[in-house]
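This report refers to the structure that appears directly beneath it.
Numbers here simply count residues along the sequence, with the first being 1. We count ligands from 1, going down the list as the structure has it; atoms in each ligand are counted the same way.
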Amino acid sequence: MYKVLESPLNYGGITLKNRIIFAPTTLGLPREEQLQRLREIAAGGCAMIIIGDVPVLPHGFGPSLYNKRGFAWYRDLADTAHREGCLICAQLHQSDSNFKGMMKYIPGVLAGQISQDELREILNRNVGPYISGLPEKKVNEITSAFGTAAELAVQAGFDMVQVHGDRMCGSFSSSVFNSRSDRYGGSTEKRARFAVEAVSSIRSKLPGLPIDYKLAVRLEHPHYGNAGVLEEELGVFLPLLEQAGVTSFHVTLADHGKLSDTIPPRNHPYFGEEGCFLRFCDTVRGLTKLPVCAVGGLTDPAFVEEQLEAGRMDCIAMSRQLIADADWPRKVMEGREREINRCIRCNKECLGGMMSHRGVHCIYERKDKK
Ligand SMILES: Cc1cc2nc3c(=O)[nH]c(=O)nc-3n(C[C@H](O)[C@H](O)[C@H](O)COP(=O)(O)O)c2cc1C
């Protein structure tokens with residue numbers, strides 16, 4: 001019935017059993033609950049889970065691959081996915097927030113005087129000066145940490161890694177933030193250097209490892225996204241990333257603007273439709289022969305199959321839809337599409353849950369509990 005969706009795919013040397021990936025999603029849940037959620041998603045039949053925001057340096061937000069406890073956590077995640085016949089990928093990231101500079105805002109946040117949205121705006125304002133002033137020695141330490149973190153991820157049992165092309169890779173890529181005048185700033189090629197070195201560092205340590213790149217694309221007319229790569233610059237970035245060792249692209253809108261642009265609700269003025277970022281896949285398709293993964297507002301199996309058949313992408317990643325119904329893949333393959341809890345992209349309990357520190361949930365959980 002869904003011939004392409006159900007078929008396997010060679011994804012940089014590993015085989016996805018079907019075309020469905022759980023997109024990187026920070027869940028903000030207690031450990032056991034998080035493990036249980038990921039177990040359900042793996043058991044629901046997707047081919048691979050991407051674990052969001054795995055820090056490349058020893059100290060960052062979230063569990064660290066570099067200490068015993070963090071490493072054991074990642075090993076648990078990998079074992080859990082594998083037990084359900086699902087592959088697992090670590091999204092390697094480096095934050096571009098200046099943690100030291102952030103400290104002075106903490107009391108205001110704790111006292112409720114600074115809202116999450118205001119804090120985000122403050123952080124975004126500080127990205128440019130932070131990125132532009134980062135000493136080259138520190139830059140080299142970070143790019144080579146991508147390789148070290150990838151080695152640790154593989155030791156923990158991960159099947160592949162994704163380089164987070166937003167965050168620090170994205171802010172170095174973007175002329176909105178990057179005003180450096182050394183070899184990391186200026187021309188498009190120079191702005192690509194940080195990301196290229198991060199990928200090269202992984203490739204030099206792990207010659208056979210599949211490396212996915214979360215390609216954050218930004219628009220000027222209308223203006224959406226601040227970090228990442230302008231659509232017009234992709235022709236320069238993609239070959240450089242490919243030569244460095246990237247084996248697939250996960251294509252989405254760039255961040256560092258409003259979260260509701262990269263995680264758009266159904267009533268978003270520009271990205272409200274099903275498959276809202278597919279236009280970027282079309283551009284990427286024209287520039288590379290590597291596999292392309294689409295993400296963003298994908299919920300309808302028939303629509304997905306049509307787009308796969310049309311060759312707009314090779315596979316899909318879903319975040320909110322698999323939170324709404326982890327069994328989407330299984331139900332689709334068993335002809336039980338009507339039983340799917342279709343994500344309506346309301347963002348109430350997923351993005352809403354994350355922003356209000358309740359953890360990521362879904363409106364269907366309330367319905368299911370009744
Ligand atoms: C609660 C939540 C947390 C997310 N966390 C991450 C993350 O850690 N890293 C990342 O690159 N994207 C993250 N995303 C973005 C998703 O990977 C995805 O690109 C976005 O939600 C659009 O896909 P969807 O329409 O299938 O939800 C998150 C999305 C949601 C809803």
Side-chain angles (χ1 to χ4, degrees), residues 20-29 34 37-38 41 46 48-56 60-63 77 89-96 116 120 161-170 212-217 224-225 227-228 249-268 271-278 280-281 293-301 303-304 307 313 315-326 328-329 341-363 365:
I20 308 158
I21 293 172
F22 178 50
T25 305
T26 298
L27 293 170
L29 296 168
Q34 200 168 149
R37 177 62 66 97
L38 290 168
I41 289 171
C46 66
M48 181 160 74
I49 285 176
I50 305 177
I51 299 298
D53 286 353
V54 177
V56 297
F61 279 126
L77 292 179
C89 169
Q91 181 188 54
L92 301 180
H93 98 122
Q94 171 62 26
S95 167
D96 51 14
Q116 287 290 327
R120 212 175 139 72
V161 294
Q162 178 185 77
V163 171
H164 199 327
D166 227 315
R167 307 293 159 87
M168 197 171 271
C169 286
D212 192 30
Y213 190 85
K214 174 158 172 167
L215 189 63
V217 183
Y224 277 110
F249 289 104
H250 179 112
V251 181
T252 186
L253 177 74
D255 199 358
H256 290 67
K258 283 194 197 133
L259 270 178
S260 56
D261 292 335
T262 45
I263 309 172
R266 189 183 35 180
N267 60 359
H268 189 281
F271 297 113
E273 83 280 19
E274 180 86 15
C276 53
F277 304 137
L278 275 169
F280 301 136
C281 291
C293 178
V295 67
L298 293 164
T299 66
D300 176 358
F303 175 83
V304 169
Q307 309 310 311
M313 70 287 205
C315 55
I316 61 157
M318 298 185 286
S319 168
R320 290 169 293 176
Q321 177 56 73
L322 291 185
I323 292 165
D325 192 341
W328 191 98
N341 289 335
R342 273 279 286 280
C343 169
I344 57 163
R345 289 178 272 141
C346 65
N347 281 357
K348 281 190 184 150
E349 298 293 328
C350 51
L351 184 55
M354 183 169 85
M355 296 307 281
S356 57
H357 306 290
R358 282 179 280 118
V360 171
H361 295 278
C362 180
I363 51 164
E365 287 174 38

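- Exactly one of Gln91, His256, His93, Gln94 qualifies for a side-chain hydrogen bond (donor to acceptor under 3.5 Å, both in side chains) with Arg167. That residue is His93.
- Taking the six-membered ring where the residue is Trp, Phe271 and His268 present tilted rings, their angle falling between 30° and 60°.
- In this structure Cys350 satisfies the side-chain contact (heavy atoms from CB on, under 4.5 Å) test together with Arg320, Asn347, Val360, sequence neighbours excluded.
- At distances below 3.5 Å, at least one donor-acceptor pair connects side-chain atoms of Glu365 with backbone N or O atoms of Cys362.
- In this structure, Trp328 contributes its side chain and Thr299 its backbone to a donor-acceptor pair below 3.5 Å.
- Ion pairing between a basic and an acidic side chain is recognised when a charged N comes within 4.0 Å of a carboxylate O; Arg345 and Glu274 show such pairing.
- If you look at ligand 1, the protein residues with a non-hydrogen atom under 4.0 Å away are Ala23, Pro24, Thr25, Thr26, Gly52, Asp53, Gln91, His164, Lys214, Thr262, Ile263, Val295, Gly296, Gly297, Met318, Ser319, Arg320, Met354, Val360.
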